[in-house]
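The chains referred to below are lettered A, B, ... by the order of the sequence lines, with proteins before strands, and numbering in each begins at 1.
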Amino acid sequence: MARNYWLFKSEPDEFSIRDLESRPQQTESWDGVRNYQARNFMRDEMKCGDLALFYHSNCPETGVAGVCEITQESHPDPTSWEKGHKHYDEKSSPDNPRWFMVAVTWRETFPRTVTLEEIKAHPKLQDMRIVQRGNRLSVTPVAKAEFDTICKLGRK
DNA sequence: GCCAACGTTGGC
DNA sequence: GCCAACGTTGGC
């Protein structure tokens with residue numbers, strides 16, 4: 001089975017690729033996703049071994065900062081039933097979880113960020129959801145060719 | 001900080 | 001099931 005490719009958005013003030021790199025085993029649960037489409041991608045389609053672009057949003061240099069790998073497939077997100085948690089949802093419970101998360105492991109931080117501006121200007125990256133107006137999904141699928149193109153840009 | 005775009009909620 | 005109101009996202 002071919003692996004799939006993804007893009008994960010995160011505000012670096014909250015959680016950056018450097019944060020992931022410095023976690024134990026360089027691994028962290030991607031909790032807090034509260035959007036059904038993004039949840040369904042994680043729950044139904046992500047497999048161990050899939051690779052993901054780590055995108056920094058809402059910051060001085062928005063763009064792809066590196067790569068991580070899905071190392072644990074989806075399971076219920078316990079922060080969803082933790083009262084007082086920022087992402088608490090009263091309709092989610094251990095018996096009937098509404099939200100799911102995967103775990104990701106750091107793979108590389110690019111020597112330079114591939115900026116949104118650059119992605120928007122690149123002829124091969126025009127179909128990426130990140131360049132489409134008003135796109136707010138925090139987890140999106142990416143084509144292998146797009147993934148490879150971005151890695152090439154980030155590594156040089 | 002602004003504001004357009006979007007997803008969700010809830011009254012009807 | 002419609003849709004207006006609302007809250008959030010995220011580029012700028």
Q: Please work out whether the ring planes of A:Y5 and A:F147 are parallel, tilted or perpendicular, with thresholds of 30° and 60°.
A: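 Tilted.
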**Q.** Annotated protein contacts, base or backbone, on nucleotides 6-12 of chain C with a non-hydrogen cut-off under 4.0 Å, one of B, S, - each
**A.** -BBBBBS
Q: Classify the side-chain pair A:S93/A:D95 by whether it contains a donor and acceptor separated by less than 3.5 Å.
A: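 Their side chains do not contain a donor-acceptor pair, so the 3.5 Å distance test is not met.
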**Q.** Interatomic distance, A:K91 atom NZ to A:W99 atom CH2 [nearest 0.5 angstrom]
**A.** 10.0 Å
Q: May I ask you to test the A:Q132-A:L137 pair for a side-chain heavy-atom distance under 4.5 Å?
A: no
Q) Does A:D19 reach the side chain of A:R23, with side-chain heavy atoms less than 4.5 Å apart? A)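 Touching, per the 4.5 Å side-chain cut-off.
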